[in-house]
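Notes for the one structure printed next.
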Number of protein chains: 2
Amino acid sequence: MTNRKRAPYHHGNLRKALLAAALKVLDKAGPDAITIREVARLAGVSHAAPVNHFKDRTALLTAVATQLFQELDAVIEKQTEKTQGKPVEKVSSFINALIAYGLEHPNRYRLLWRRDLVNNQDEALQQAMDTIYDKLVATLERSTRKKRYDKHTSAVALWSLAHGYVSMRLDGNFVPMADTITKQPREQAIVEAVLAALNI
Amino acid sequence: MTNRKRAPYHHGNLRKALLAAALKVLDKAGPDAITIREVARLAGVSHAAPVNHFKDRTALLTAVATQLFQELDAVIEKQTEKTQGKPVEKVSSFINALIAYGLEHPNRYRLLWRRDLVNNQDEALQQAMDTIYDKLVATLERSTRKKRYDKHTSAVALWSLAHGYVSMRLDGNFVPMADTITKQPREQAIVEAVLAALNI
DNA sequence: TCCTATATATTGACGCTGTCTATATATAGG
DNA sequence: CCTATATATAGACAGCGTCAATATATAGGA
């Protein structure tokens, strides 16, 4: 009857230390730079110590990604909560928070979508992702205006737009510029356009 | 005065063979599976032979990516050429061709946007990418309807939407389904919605 | 308090990788 | 024919993930 949550034996809390080290490496050098041996070094343990907490590299990255999805959820929650007004304002806040998170934390955002690096069957990971998507759909449902498309089409459109935009920005494919007609920041213009098209 | 284009000495045309092998590995196992040693094995040469044609792994992947961008350009060109009608039809064809390519060639599409694996300063690569984007902007310019947003905002919106949608689909985040209101395939609905919002 | 089962950590090994150096060989062009 | 050059090989090195064997610290029952 050992309790996983209690401080462990030798290191103190190696699991937490490894996650912290992985996050540090991630922010500095990107997803591929997270190696078992490097995080072990940063935590001050041998290269084989992490296996007691993460069975392989994929498990470590899955845990990091799960944590980041929860962080993203919290950030979005905070932004949408303080937004007053019509449902469209809530949805707008949601999408803008998603975009802002990606631009502020490039490598964290990159890991979120490197599905080849994580265990996609992991329940905690799936739940963390689903939570966010479900909240978007729920927010869309608050809008009572007559829609041309169903709620999932709207969610997919907004999510795709935001994800595509952030991805391209992080890849350096387009620079942040204002629209020459509306004078808005480009990302604001495209989100607004899609919200209007969907009649949110 | 040697001519790079002529058949080389020992292998015949190792450069071409390496690129073909890399493409084969890519389709089967994804970008990360392309290793110098594996493509050398497939080409029947020693592990150090490729260095004469690609100075390192990044150079090899850059060449593959450049080739794929050219392939994508050709596919889009073919689709838009045979599309008759209003400018909006041309733009629609362009975006649909982009989406179709991604869904048909998942690993090729993935490599295109793995900027960490290629040399982003490579001129041929940049040119191949720019060619495609420039064609989208040029196609948008054919439309004479009064726009709410400038051509780059429109291009960014459409490109982001398509890229985000394909990325999420390839990650298995949403399944292909019809919109329950319009009965259209989801990707058709979202592209149509954005085209309408942009007044193309 | 001691004893033992278990959780945790270390050491060393294996095969894989990219890349470098030294060496070998085939071809081109004078 | 001869030499410079392009191309290919063989071997080495460090870093990686992972596994097996071993060591050690802790928990909980006797």
Side-chain angles (χ1 to χ4, degrees), chain A residues 1-22 24-26 28-65 111 114 116-119 122, chain B residues 1-22 24-26 28-65 111 114 116-119 122:
Chain A
M1 303 304 168
T2 53
N3 189 337
R4 275 276 162 101
K5 300 260 169 58
R6 292 195 62 77
Y9 308 70
H10 305 73
H11 176 278
N13 195 339
L14 183 53
R15 188 190 156 86
K16 188 174 282 186
L18 292 171
L19 286 174
K24 201 168 181 175
V25 173
L26 174 64
K28 193 179 299 178
D32 290 304
I34 303 178
T35 67
I36 293 281
R37 293 174 108 104
E38 177 64 12
V39 296
R41 270 190 294 270
L42 290 176
V45 294
S46 77
H47 67 269
V51 80
N52 295 298
H53 305 275
F54 303 101
K55 85 172 214 291
D56 56 19
R57 181 173 183 255
T58 297
L60 170 63
L61 292 177
T62 302
V64 175
L111 175 60
R114 280 293 299 278
D116 56 315
L117 294 182
V118 303
N119 173 17
D122 185 87
Chain B
M1 304 305 166
T2 55
N3 189 341
R4 275 277 162 106
K5 299 259 170 60
R6 292 195 60 76
Y9 308 71
H10 304 73
H11 176 280
N13 196 339
L14 183 53
R15 187 188 157 87
K16 188 174 283 186
L18 292 171
L19 287 173
K24 201 169 181 176
V25 173
L26 174 64
K28 192 179 300 181
D32 290 304
I34 303 177
T35 67
I36 294 281
R37 293 174 106 104
E38 178 63 13
V39 297
R41 270 190 293 271
L42 289 176
V45 295
S46 78
H47 67 271
V51 80
N52 293 299
H53 304 275
F54 303 101
K55 87 172 212 291
D56 55 20
R57 181 174 182 256
T58 297
L60 169 63
L61 292 178
T62 301
V64 175
L111 175 59
R114 280 295 298 279
D116 56 315
L117 295 181
V118 303
N119 174 16
D122 185 86

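These values consider heavy atoms only, across backbone and side chains, with no hydrogens, waters or symmetry-generated copies. Naming: A, B, ... by sequence-line order, numbering from 1 per chain. All of these numbers come straight from a predicted model, not from anything done at the bench.
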Roughly how many Å is it from CG in B:Leu61 to C1' in C:dG18, rounded to a whole number? 12 Å
Report the distance from atom CG of B:Leu117 to atom P of C:dT17, rounded to the nearest whole Å. 16 Å
The side chain of B:Leu14 lies closest to which of these nucleotides: C:dG18, D:dA8, D:dT9? D:dA8
Specify the separation, in whole Å, of atom CD1 of B:Ile36 and atom P of C:dC16. 17 Å
What is the distance from CZ of B:Phe54 to P of C:dT19, rounded to the nearest Å? 13 Å
Please give, in whole Å, the distance from C:dG18 C1' to A:Asp32 CG? 14 Å
Please confirm whether any donor atom in the side chain of A:His47 sits under 3.5 Å from an acceptor in the base of C:dG12, or the reverse. yes
I want to check something: taking the side chain as every heavy atom from C-beta on, are A:Asn52 and A:Leu14 in contact at a cut-off of under 4.5 Å? no
Just by modelled atom types, is the B:Leu117 backbone N or O under 3.5 Å from a matching donor or acceptor in the B:Arg57 side chain? no
Side-chain touch A:Phe54/A:Val64, heavy atoms, less than 4.5 angstrom: no
Grab the CZ-C1' distance between B:Arg57 and C:dC16 for me, whole Å please. 13 Å
Working to the nearest 0.5 Å, report the span between CG of A:Asp32 and CZ of B:Arg114. 5.5 Å
At less than 4.0 Å, is any side-chain N or O atom of B:Arg41 found next to OP1 or OP2 of C:dC16? Yes or no. no
Using a 4.0 Å heavy-atom cut-off across all strands, classify B:Thr35 as base, sugar-phosphate, or nothing. sugar-phosphate
Taking any heavy-atom pair under 4.0 Å as a contact, classify A:Arg37: base, sugar-phosphate, or nothing. base
Give the nucleotide from the list C:dC20, D:dT18, C:dT19 with an atom nearest to the side chain of A:Asp56. D:dT18
Nearest whole Å is fine: how far is D:dC19 P from A:Lys55 NZ? 9 Å
Does any part of the side chain of A:His53, heavy atoms only, come nearer than 4.5 Å to the side chain of A:Leu19, both counted from C-beta? no
Would you indicate, yes or no, if D:dA6 has its OP1 or OP2 atom less than 4.0 angstrom from a side-chain nitrogen or oxygen of B:Arg15? no
B:His53 side chain N/O closer than 4.0 Å to the phosphate oxygens (OP1, OP2) of D:dA8? yes
What I want to check is whether an N or O donor and acceptor connect the side chain of B:Asn52 with the base of D:dA6 at under 3.5 Å. no
Does the structure show a Watson-Crick or G-U wobble partner for C:dG30, both distances under 3.5 Å? Name it, or say none. D:dC1
